[in-house]
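Predicted model only: the values in this text are computed from it and were never measured. We number each residue from 1, following the sequence as shown.
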Amino acid sequence: MATTDTTQGRPAGNQSPRPRWVDEVKANQQDLDQQIFSAGYNGDVVRRFFRFVGPYRNVLIIGIIAVIIFALSVLALPWVIRTTVNDVLDITQRDASNARSVLFIMVGLFFGAVILHVIVGYIQNIIVGRIAEHILIDLRRAMYEHLQRISMSFMDKTEVGRMMSRLQGDVAALQEFLETAVVSIGDFLLLFGIVIAMLIMDWRLALLTFAVVSTLAIARAVWLPIARRAFLYSRQTASITSGALAENINGVRVVQGMSREHVNLDLFKEKADEQLRASKRAARIGLVMIAMVDTLSGSAMAIIIVVGGNMVIGNSLEIGSMLAFILYVQLFFDPIRSITMHYAVFQRAMASGERIFEVLDVPIDIQDKEGAKPLVDNDGSVEFKNVTFGYLEDEPILKNINFRVEPGETVALVGPTGSGKTSITSLLHRFYDIWEGEILISGQDVREVELSSLGNNIGMVLQEPYLFSSTVFENIRYNKLDATREEVVTAARAVGAHEFIMRLPNGYDTELEQRGGNLSLGQRQLISFARAIVADTKILILDEATASIDSYTELLIQQALARLLEGRTGLVIAHRLATIRGADRIIVLQNGEIIETGNHDELIAHGGLYARLYAMNYASFDDIPDELIAEAVEYSRTAAT
C-alpha cells in the first residue's frame, strides 16, 4: 500500500500522480494565454497600430518594395536554371560552338539574380527592423506618458507586474507582428508566383503537387487544436513556475527565518517538473508538424522525380523544366511553414494590441479643467469645506470634513488606521477628486488650479521613501533640477544626512541601487526629508515620515523639522503620539469624521478620545487594540452628552 507524504500532499515514491493544481490550471480557460491563442482579427487594433506606422510610411513602402523584389528574385532563380539547361541542350544539339557562350550568359544572369536577392534581402531586413524598433519605442513612450498622468484610482487597482508585462512583452509582440506582416507579403507573393510558375511549366505535375498540399491542410486542421492545448498548458505551467520563483525570491527573508528552504524547494521542484513535462510534450507535438511538412515535401519531390522523369524519357517534358519543378517544390513549402508561424505571431499581436490600447484608453479622471490657472500668491493656507469622499461608490471614507489651516500653522492628523488621515492629504494634492464640498489652497479651489502648480506648491514625505536609481545628489534635487550643490548639502545637513552621505564611496555622487537598496531604511528616509527641503514648498505634508527612523534620529529630525516648518504650513500624519505633541493643532479622526480638535494640552484637558488613548500609554495608535479604541470612543461620546 502506498504511503503518503503529507507535507507535499502526494503519494511517496518516484511515480507520483499529477498534483491538484495541475487540473486547476487546465480548467482555467480565462487565462491570459487562452486569450492569446484564441485571439482573432481585430480591425480596431490593426488600424490604431498602423497610426504609429504613419510617420514611417515612406520608408516602409521602400521596405515593402524590397520584400517584393526579394520574392521575385527567389522566383527567378529556378526559372533561370530551367532556361539555361533547356537552351544549352537545345543549342548543343544544333550548334555546339555557340553553347558555351550561351551558358556563360545564363550563368551571368543567375549570379545577377543571386546578388540582387542578397542585396534586397539585406535592405528588407534593415528597413523593416529599424521601423519596428522605432515603433516599439513610440508605443512604449506613449504608454509611459499616459501612465505618468493616469489617475491614482486606476493605479490603486493595477498590479505593477501586469503593467510591466504590457510595456515589455505586449509591445514586443506588436513589433514582431509588424516585422512578420511585411515579410508575409513576400511569402504570399512567393507562394502565388510558385503556383503560377508550376502551372505554366506543366499543369499535370502542378496538380500532383497541390494534391500533396491538400493532405497537409487536412493534417494541419487535425494537429492545430491539439497543438494549441499543448502550447497553452506549457505557457501556463511556465507562468506558475516563474511566479513561484519570484515570490520566494522576494520573500527570502521570511523563508530563511522560518526554515522553509527544503519545503519550498520540494514545492518548486513539483512545479518545475510539471513544466518540464508540459514543455517536452509541446515540443514533441510541434516537431510532428515539422516532420509532416518535411515528409510531404519529400513525397512531392519523389512524385515529381518519378512522374517527371518518365515524362522526360517520353520527350513530353524538358529536363530543365523538371529541374526547375523540383526547385519550386522545395521552395513551395517554405512560405507555407513561414505563414503558419506568422499566424501564431498574428494571434499574439491581436491579444497584445487589445491590452496595450486598453491602457492607452484608460481615462485620465484627474486633469486640468478648461481655464485652469496656476496657483499663484500662495500664502500656505488650507481649508476643507464640507468634504465627503470615498474610493468605492456608496462607501465614504471622509464624511463632511471641515477645518482650516492658517498660513505657517502645523496641524497634526491623528487617529486609528482607516480613519481617513492619508485620504485628506491625497485630496489636497488632488490625486483624487472629492464627491462633495471644496478644498481650498490660499482661497483657490484645487479643481480650478493647474495640477503642475499643485506639485510645485505642496511637498510630500511618505512613510515608505522611494529613491530612484541615480546619484544621491540627483535624488535630493529631484523636484528642483536647478538646485545647486550648496542647496543640496544645506538640506542634507538640516536633517542630519550629510554625515552618512559623506561616508558613502563617492559622497553625493554615489549611485543608488534600485529603490535605494544600498542604504538603510532610515538613511533613505533622511534623503527624502532633504528632498522635501530642497523643493522649498509653501505646504509640507509629512505622512508618518518618522516611522522608519530610530528614536535618536527621530529626535534630530524633530529639531530640524521645527526649523523647516517655520514660515510653512505643515500637515503631519502621525501614529506615534509623541511626535505630534508640539503641533499647533491636533485634529482627531475616527471613521472618517473629525471628533476632536485642539492642541495637546487642550485635548488632554477635554478628556475625550485623544486623552483616553494618550492615557493608555501606547506609543502608537496602531498598537492600541480595536476593542480599547471602541471603548474610548464610546466613553468620549458618553462624556460629551
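When atom types are taken as modelled, the side chain of Q523 and the backbone of S520 share a donor-acceptor pair closer than 3.5 angstrom. Between the R524 side chain and the L467 main chain, no donor and acceptor come within less than 3.5 Å of each other.
Rounded to the nearest 0.5 angstrom, S469 OG and E474 CD are separated by 13.0 Å. For the atom pair CD (E511) and OG (S470), the distance works out to 5.5 Å, reported to the nearest 0.5 Å. We find the CE-CZ distance between M198 and F325 to be 5.0 Å, quoted to the nearest 0.5 Å. Rounding to the nearest 0.5 Å gives a distance of 8.0 Å between CD1 of I304 and CD1 of I326. One finds the OG1 atom of T471 at 6.0 Å from the CG atom of D509 (value rounded to the nearest 0.5 Å). Rounded to the nearest 0.5 Å, atoms CG (L205) and CG (L207) are 9.0 Å apart.
In this structure the side chain of M322 reaches within 4.5 angstrom of the side chain of I305, judged on heavy atoms. Within the 4.5 Å cutoff, the side chain of I194 has heavy atoms near those of the L75 side chain. Annotation: side chain of T209 is not in contact with side chain of Y328 (no heavy-atom distance under 4.5 Å). The closest side-chain heavy-atom distance from L60 to I64 is below 4.5 Å. By the 4.5 Å heavy-atom criterion applied to side chains, Y56 and R130 are not counted as neighbours.
Under a 4.0 Å N-O distance rule, the pair R277/D273 does not qualify as a salt bridge. With salt bridges taken as basic N to acidic carboxylate O contacts below 4.0 Å, none links D266 and K269.
Between P335 and D187, the shortest heavy-atom contact is CB-O, 3.6 Å. Pairing each heavy atom of L199 with each of A206, the nearest pair is CD2-CB, 3.7 Å. What you find for G63 and I127 is that their closest heavy atoms are CA-CG2, 3.8 Å. Heavy atoms only, all atoms of each residue included: A324 and P78 are closest at CB-O, 3.4 Å.
Residue F268 qualifies as enclosed at atom CZ: its count of foreign heavy atoms under 6.0 Å is above 12. Atom CZ of F210 has more than 12 neighbouring heavy atoms from other residues, nucleotides or ligands inside a 6.0 Å radius.
Ring pair F468/Y478 is parallel by interplanar angle, where below 30° counts as parallel and above 60° as perpendicular.
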For this session: Test I200 against I196 for side chain to side chain contact (heavy atoms under 4.5 Å, CB included), laying out the working first.
Result: CA-CA 6 Å; I200 290 174; I196 298 300; 3.7 Å; yes
Exercise. So L77 and L327, side chain to side chain contact (heavy atoms under 4.5 Å, CB included) or not? Walk me through it.
Worked result: CA-CA 9 Å; L77 294 176; L327 291 175; over 6 Å; no
